[in-house]
Colleague: 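Below you will find the structure I want to go over with you.
Below, read A as the first sequence line, B as the second, and so on, with proteins coming before strands; counting in each chain starts at 1. Computed from heavy atoms alone, side chains included, the values below leave out hydrogens, waters and symmetry copies.
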Protein chains: 2
Amino acid sequence: MLNQIDQVRRFNRIVSQRAGTLDQSYLGQGRPLGEARLLFEVGHDGGNARELRDRLGLDSGYLSRLLRALESQGMIVVTPSQADRRVRDIRLTQAGTAQVETYDRLSDDLASSILAPLDERQKAKLVEAMAQVERLYRAAAVTVSAESPATADARACVDLYIRELNQRFDTGYDPDTAGPLDDSEFLPPDGVFVVARLDGKAIGCGGLKRLDFQTGEIKRLWVSPEARGLGLGRRLLNELEALARQRGMAKVCLDTSGTLTEAQALYHAQGYVEVAPYNDNPYAQHWFEKRL
Amino acid sequence: MLNQIDQVRRFNRIVSQRAGTLDQSYLGQGRPLGEARLLFEVGHDGGNARELRDRLGLDSGYLSRLLRALESQGMIVVTPSQADRRVRDIRLTQAGTAQVETYDRLSDDLASSILAPLDERQKAKLVEAMAQVERLYRAAAVTVSAESPATADARACVDLYIRELNQRFDTGYDPDTAGPLDDSEFLPPDGVFVVARLDGKAIGCGGLKRLDFQTGEIKRLWVSPEARGLGLGRRLLNELEALARQRGMAKVCLDTSGTLTEAQALYHAQGYVEVAPYNDNPYAQHWFEKRL
DNA sequence: GGAATTCTCTGACTAAAGTCAGATAATGTT
DNA sequence: AACATTATCTGACTTTAGTCAGAGAATTCC
């Protein structure tokens, strides 16, 4: 454990030395870092002043001044938005586009310069390790929180869950057939609903309801396709099991379709064992149970 | 290639976001980042004002003021050096040591917080990927340059090379037996000597001398134990081969002992084939050759 | 239609970070 | 001993980055 922490610290140190070089290459363009960062952001994800303020976490006064500076340099054009004339739309000029391209080239050069001294095998290894770090950083940045199944995010997740089942099942999927859609069963104190988020965006969910005094059932376990491979399914499952334990349940059960093979693999890996059908869900071909 | 660069850029972006958090945790201690960084540096690698100025790349006036600030906070004691009373020795006070420990704890906490949301397998994977990135960053930071075999660094490398052979050979190793130690054969235009450095420190070397019009011989190929696993042997070998090509040589050869199995593996992997003895070096059991 | 809210802008600040030109004292060089 | 060099310090300065308190216009809410 201590060794792991040391490794993380060493990693942070070395990598931010390199990242420092990147900042310097921005500075080298004769423009303060704050301006360069803003210009870069406008160039890549665009948007209006409010969005930029949120994304970069800037004070509105400060942002206003930065915009004025970039405008007077002829990098951007700021105009009141059509839809809401309080907000300002920001657009790159030709010169601004050229400048952003220069920054891009600098970033590319820096990336190349890291790779350049390595042979092909080492390059491939480094890039793979970077991808791994990135993936796991993303996994670590996911938050899971209990909330009402009626929140906008929770509803959105369940909608996507239903849409996906409808696509994957040969017969389609009608949630009412599987049992009436009743949010209240996922409400405390007996039930609970959890939503996973990455950078504020909902990317997964899961619900726990009480079947009887000692049994909970897990339903609506779903992970957004873009977030798969982060171990999030396992994490949601563990979270729901912990919540079941808190509610004094001695076991949890769940059902699943034969089509969802990756889900079955997850349940097996997490210690679930297949049991006889405990309900008559027409979409279910497998029933699982785990003692807590 | 383009994908690799994109991956490197994505990696830099994500990782420096995290590194930003680290800076913030420094700032959270009610001390400006510059002071905190200096204190941290004094605490870990110590040294006098000049060394710190070099390491952190600070202006001497700026450093002086930072030192004065830390001194007045009771974190450090600044005294004229015994050896040269122009330079200032810097020492942590008890309070300074305590403060550095606090920073250490904060860094540990940050590292833990990155790992915390992950399960054991993910933690292990992340740490392994970080170690890989670190290792390859180090490999990429190595420079190889041709220079006289008489420079201090070159001599130091050859000394360590000889000492190592002396340890690893059952019979010991006396460089004079293997052929007279004659630096001049590694001098241009016929020969060349290269030294590898990491962060200014010599960590490897290799020499090329001319045997006849079309043949070069590679000798004194050595990589410091601390730098092994970075692919440096291969890189030095390639570098020397390129220099041989520049000199119009059609092939290079080399000899090695049976004890140095990892060296033999390297030669095989780099396209060298074993040939009949071309000299009577008593320490050699294998002779290799490669067409260029 | 009036009040509350939202978005942006301006003026007036501050702290941090760093630069530059000497001044001073110690050390090297010849 | 004279001169050059080095290490540090001080004063005076600038730039960058950011904060805060309103003001004004547009929009939303009731």
Colleague: Looking at CZ of Phe40(A) and CG of Asp104(A), how far apart are the two atoms once the value is rounded to the nearest 0.5 Å?
Modeller: 5.5 Å
Colleague: CG of Leu58(B) versus P of dA7(D): gap in Å, rounded?
Modeller: 15 Å
Colleague: dT6(D) C1' sits how many Å from Leu63(B) CG, rounded?
Modeller: 15 Å
Colleague: For Tyr62(B) and dT8(D), what is the distance between atoms OH and C1' respectively, to the nearest whole Å?
Modeller: 17 Å
Colleague: Using a 4.0 Å heavy-atom cut-off, does Asp84(B) contact any base of the nucleic acid, only the sugar-phosphate backbone, or nothing at all?
Modeller: sugar-phosphate
Colleague: Would you mind telling me which residue lines up with the more 5' stretch of DNA chain D, Gly61(A) or Ser64(B), judged by nearest nucleotide?
Modeller: Ser64(B)
Colleague: Can you tell me how far the CZ atom of Phe186(A) sits from the NZ atom of Lys209(A), to the nearest 0.5 Å?
Modeller: 6.5 Å
Colleague: Taking the nucleotide of DNA chain C with the nearest heavy atom to each, does Ser81(B) or Val78(A) sit closer to the 5' end?
Modeller: Val78(A)
Colleague: Within this structure, what is the CG-CD1 distance for the pair Asn48(A) and Ile90(A), rounded to the nearest 0.5 Å?
Modeller: 7.0 Å
Colleague: At under 4.0 Å, does any side-chain N or O of Arg86(A) touch on OP1 or OP2 of dA25(D)?
Modeller: no
Colleague: Give Arg65(A) one of three labels, base, sugar-phosphate or nothing, depending on what nucleic acid heavy atoms sit under 4.0 Å from its own.
Modeller: base
Colleague: Distance check needed: dA17(D) P versus Asp59(A) CG, whole Å only.
Modeller: 14 Å
Colleague: Please tell me which of the listed nucleotides, dT8(C), dC9(D), dT8(D), lies nearest to the side chain of Arg50(B)?
Modeller: dT8(D)
Colleague: With respect to the phosphate group of dC9(D), does any side-chain polar atom (N or O) of Arg88(B) fall under 4.0 Å of OP1 or OP2?
Modeller: yes
Colleague: Distance check needed: dA17(D) P versus Leu66(A) CG, whole Å only.
Modeller: 8 Å
Colleague: Given Gln73(A), which partner from the list Gln99(A), Arg68(A), Arg31(A) fulfils the side-chain hydrogen bond (donor to acceptor under 3.5 Å, both in side chains) test?
Modeller: Arg31(A)
Colleague: May I ask you to evaluate whether Arg68(B) reaches the phosphate of dC9(D), defined as a side-chain N or O under 4.0 Å from OP1 or OP2?
Modeller: yes
Colleague: On DNA chain D, does the nearest nucleotide to Ser60(B) precede the nearest nucleotide to Ser60(A) from the 5' side, or the other way round? Give the residue.
Modeller: Ser60(B)
Colleague: Give the rounded distance in Å between these two atoms: CZ of Arg85(B) and P of dA7(D).
Modeller: 16 Å
Colleague: Distance check needed: dC9(C) C1' versus Leu70(A) CG, whole Å only.
Modeller: 16 Å
Colleague: Applying a 4.0 Å non-hydrogen cut-off, can you work out what Gly34(A) is touching in the nucleic acid: base, sugar-phosphate, or nothing?
Modeller: sugar-phosphate
Colleague: In whole Å, I'd like the distance from the CG atom of Leu38(A) to the P atom of dT16(D).
Modeller: 15 Å
Colleague: One thing to verify: whether Glu147(B) and Arg197(B) come together as a salt bridge, which I'm taking to mean a side-chain N less than 4.0 angstrom from a carboxylate O.
Modeller: yes
